[in-house]
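Structure record follows, encoded as structure tokens.
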Amino acid sequence: MAELYSVRMRAAQGGPHEKGGHHISGAERIVKLDEVGSIAQSLAERALHHSKGTADFINITVDLIPPEKIRYIDCLKVEEHKTSSISESHQLATELLDGPVINKTAVHKAISMLKSLDRSMRGAMLVDAITGVRLDTGNRGVRVSHMDSFDSHALGDNEHMREALVLASKVQSADGIVGELCWSDDPDYTVGYVACNGVYHRLPNMKELGSNIGGRVFFIQSDIDSESVITYLESAPVLVQRR
Ligand code: WAQ
Ligand code: MG
Ligand code: MG
Ligand code: MG
């Protein structure tokens with residue numbers, strides 16, 4: 001089997017992220033050697049033409065993934081929902097997540113934490129699924145990385161959705177993660193989702209059109225060691241397969 005490479009891009013405005021730059025865009029793929037150059041180029045283009053603004057810092061990292069390290073997982077099943085307002089969407093998101101392993105109160109806390117952000121984080125908040133207490137430290141959040149889909153085209157032409165489905169599938173594959181809540185930081189994109197029980201629930205109207213504040217919350221079981229979950233999410237190479 002051909003060797004695979006992880007190609008990752010992160011871009012910011014006002015300098016690098018680690019020097020206080022404002023996050024513009026991040027994306028990544030897992031591809032064969034002969035695709036590395038063209039993918040790196042398309043990721044750079046994307047950072048330079050983003051609805052959140054033009055990046056003045058772009059970092060592209062490429063590294064070889066040892067084939068035996070790759071884990072193959074199934075893609076979440078997609079369900080579409082219709083709503084007519086933000087409050088209705090947030091209500092539905094809460095009902096979909098609420099159950100034996102996720103508490104309604106935890107979802108309410110998560111939604112209000114996302115709504116009260118004054119700038120987007122690069123990663124996701126890790127939140128206790130029962131108490132709603134935030135477990136990650138610092139402001140960066142947990143950044144899921146090293147994932148792609150085995151057959152990207154099979155997941156459709158909506159790039160937001162395709163990437164979100166890959167990310168959400170990896171996140172749900174983590175032992176101890178029981179749910180996710182997300183809406184985009186792209187000002188022109190108001191569709192978000194919740195993921196739980198093997199399903200990716202697409203929800204319109206998750207935020208105000210024009211807002212550049214988005215975010216993610218990963219709900220984790222109380223009795224799980226969050227460090228090992230974070231290591232898996234940040235660095236274990238995963239390819240998502242169509243079911
Ligand atoms: N790991 C963890 N959190 C992330 C990551 C990542 N790799 N990438 C983004 N985030 C967080 C970060 O706080 C962003 O501000 C927020 O999520 C939103 O990221 O089916 O486009 O990339 O059509 O703007 C949902 C698609 C699109 C719904 C979500 O998110 C659909 C989207 P964005
Ligand atoms: Mg994105
Ligand atoms: Mg899980
Ligand atoms: Mg975005």
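As the structure is a computational prediction, the values presented were derived from the model and not from experiment. Just so you know, ligand 1 is whichever comes first in the structure, and atom 1 is the first atom listed for that ligand.
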Give the numbers and elements of all ligand 1 atoms closer than 4.0 Å to a heavy atom of Leu167. 1 (N), 5 (C), 6 (C), 7 (N)
If the plane angle is over 60° it's perpendicular, under 30° parallel, otherwise tilted; pick one for His201 and His81. tilted
Below 4.5 Å, heavy atoms only, C-beta onward: do Glu180 and Val194 meet side chain to side chain? no
Within 4.0 Å of some non-hydrogen atom of Val144, the atoms of ligand 1 are 1 (N), 2 (C), 6 (C), 7 (N)
A student comparing Glu234, Arg143, Arg216 should find that the heavy atom closest to atom 19 (O) of ligand 1 comes from Arg216
Polar contacts were defined as any N/O atom of the residue lying under 3.5 Å from an N/O atom of the ligand; does this apply to Asp185 and ligand 1? yes
Here the salt bridge (Lys or Arg N to Asp or Glu O under 4.0 Å) pairs for residues 94-108, sequence neighbours left out, are Asp98-Lys104
Short list, please: which atoms of ligand 1 are under 4.0 Å from a heavy atom of Ser120? 15 (O)
Which of the atoms of ligand 1 are close to Met121, meaning less than 4.0 Å from one of its heavy atoms? 12 (C), 13 (O), 14 (C), 15 (O)
Which ligand 1 atoms does Arg202 reach within 4.0 Å, using its non-hydrogen atoms? 20 (O), 23 (O), 31 (C)
Using a 4.0 Å cut-off to any heavy atom of Val142, which atoms of ligand 1 qualify? 1 (N), 2 (C), 3 (N)
Counterpart residues, side-chain hydrogen bond (donor to acceptor under 3.5 Å, both in side chains), relative to Asn59 (two or more places apart): Thr61
Does any N or O of ligand 1 fall below 3.5 Å from an N or O anywhere on Met161, backbone included? no
Ligand 1 to Asp186, heavy atom cutoff 4.0 Å, flagged ligand atoms 24 (O)
Within-2.8 Å protein N/O/S contacts of the Mg ion (ligand 3): Gln172 O, Ala174 O, Ile177 O
Arg29 and Asp148 have their tightest heavy-atom pair at NE-OD2, 2.7 Å
Atom of Asp185 closest to the Mg ion (ligand 4), considering N, O or S atoms: OD1
For atom 23 (O) of ligand 1, the option (of Tyr189, Trp183, Tyr193) bearing the nearest heavy atom: Tyr189
Full working for side chain to side chain donor-acceptor pair (under 3.5 Å) between Arg10 and His23: CA-CA 8 Å; Arg10 63 186 171 97; His23 180 64; over 6 Å; no
The Mg ion (ligand 4) has as its nearest N, O or S atom from Asp186 the atom OD1
side-chain contact (heavy atoms from CB on, under 4.5 Å) involving Ala124 - partner list, sequence neighbours excluded: Arg216, Phe218
Should Cys182 be listed as contacting ligand 1, given a heavy-atom distance under 4.0 Å as the test? yes
Non-hydrogen atoms of Gly215 versus ligand 1: any pair closer than 4.0 Å? yes
Within 4.0 Å of some non-hydrogen atom of Tyr200, the atoms of ligand 1 are 20 (O), 26 (C), 28 (C), 31 (C)
